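What follows is one structure encoded as structure tokens, with my remarks underneath.
Everything numeric in this text was worked out from a predicted model, so none of it was measured. Every number for a ligand or one of its atoms is a count from 1 in the order of the listing.
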Amino acid sequence: MLEQIETLRQQAEQDLAAASDAAALESFRVVYLARKGKIAELFDALRNAPPDQRPVLGKHLNALRTTVQQAFDLKVAGGAQDRPRASKIDLSLPGRSVHAGSRHPLTQVLDEMKSIFVSMGFGIADGPEVEDDYHNFEALNFPPDHPARDMQDTFFLSRNALLRTHTSPVQIRVMKDRKPPVRAIMPGKVYRNEAISARSYCLFHQLEGLHVDEGVTFSDLKGTLISFIRQFYGPNTKYRFRPTFFPFTEPSADIYISCFVCGGKGCRLCKQAGWLEILGCGMVDPNVFASVGYDPEKYTGYAFGMGIERIAMLRLGIDDIRLFYENDVRFLNQF
Ligand code: PHE
């Protein structure tokens, strides 16, 4: 009987190796492993064996049944044993990491700025990137011979269609659209025909702000922008306002913050000045109110505009503006 067991083991091994599809595997199971199968038959035959041999034979039979059952289960589960070596699963290998995407550094900075202004009661508005002379210049009180109207500085698409050079035309659109009070920020892309370098690019982003109502004063402007500076750059940031000129605001100012690299002593980043310019602002010029049909005797307001790239570069320590637009994952991965 020992011979029978050995023969059956060899047969089962061959048949299992030959069983190449589900149907063949099922018939293998019926022939060998089922209740009336060949292994069960041998168990039946055990009863007729001489009593003193039964324990040994039983042991062999049990071992046979276990081996065949295990080999069968393994093959049903995917037959890893039969696969070519190369595709064997090596469970000791470290897993492949999944690269999580992240928001673009400009988006991160812009989102933070938006949430600060929204918490101060500003809504969000936007306007077209292809503008006309009226919205980009005329309604904003630019004189007809202003240099920004030159082809050297502005991308003209046709005589009257151009890529907006700042987000200020959205002020005009918002005011023509609504009656005061108006309090909104207007983020978006702007375009300038400039020589491309580490500091300037033909495309960048601005965030415009506008607040118009009865009795809005320069101290509202200061309060709002100082609060923004404290929240965005930290409560101890020093700032200063310097008078400047914009056609669409009067009076106008540039705001500087103390250089956070050198603390005001002077370094490469601030070009030894100790101060960094972060935005332009001012009280809306009465001529602008006239062009949108607001009564300049009744309403006053302030506006401001800041470059997002510049602020992101200062904040994140990026020294070349072109990096934002190259989409190099070695750069983007760092944020
Ligand atoms: N539009 C101005 C610029 O592009 C910024 C600005 C906006 C200044 C609003 C004052 C008020 O430089």
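- G305 CA, 4.0 Å is the protein heavy atom nearest to atom 5 (C) of ligand 1.
- Of the candidates T67, T66, D73, Q69 forms a side chain to side chain donor-acceptor pair (under 3.5 Å) with just one, namely D73.
- Not a single N or O atom of E208, backbone or side chain, sits closer than 3.5 Å to an N or O atom of ligand 1.
- Note on ligand 1: Q206 sits in its first shell, one or more heavy atoms being nearer than 4.0 Å.
- Panel note: side chain R149, backbone P143; a donor-acceptor pair is recorded below 3.5 Å.
- A cation-pi arrangement is absent between R230 and Y239, since the terminal nitrogen or guanidinium carbon is not both under 6.0 Å from the aromatic centre and inside a 45° cone about the axis.
- By the rule that hydrophobic residues join a cluster once side-chain heavy atoms approach within less than 4.5 Å of another member, Y201 and Y191 end up as members of one cluster.
- Ion pair E112/R315 flagged as a salt bridge, since at least one NZ, NE, NH1 or NH2 atom sits closer than 4.0 Å to an Asp/Glu carboxylate oxygen.
- Inclusion of S168 in the set of residues having an N or O under 3.5 Å from an N or O of ligand 1 is warranted.
- A donor-acceptor distance shorter than 3.5 angstrom exists from the side chain of D132 to the backbone of H135, with no hydrogens or angles considered.
- Under 4.0 angstrom from ligand 1, there are no non-hydrogen atoms of S252.
- Of the candidates Y302, F248, F245, F248 brings a heavy atom nearest to atom 11 (C) of ligand 1.
- Using a 4.0 Å cut-off between heavy atoms, R192 contacts ligand 1 through its side chain alone, with no backbone atom that close.
- Near F304, meaning under 4.0 Å from one of its heavy atoms, ligand 1 places the atoms 7 (C), 9 (C), 11 (C).
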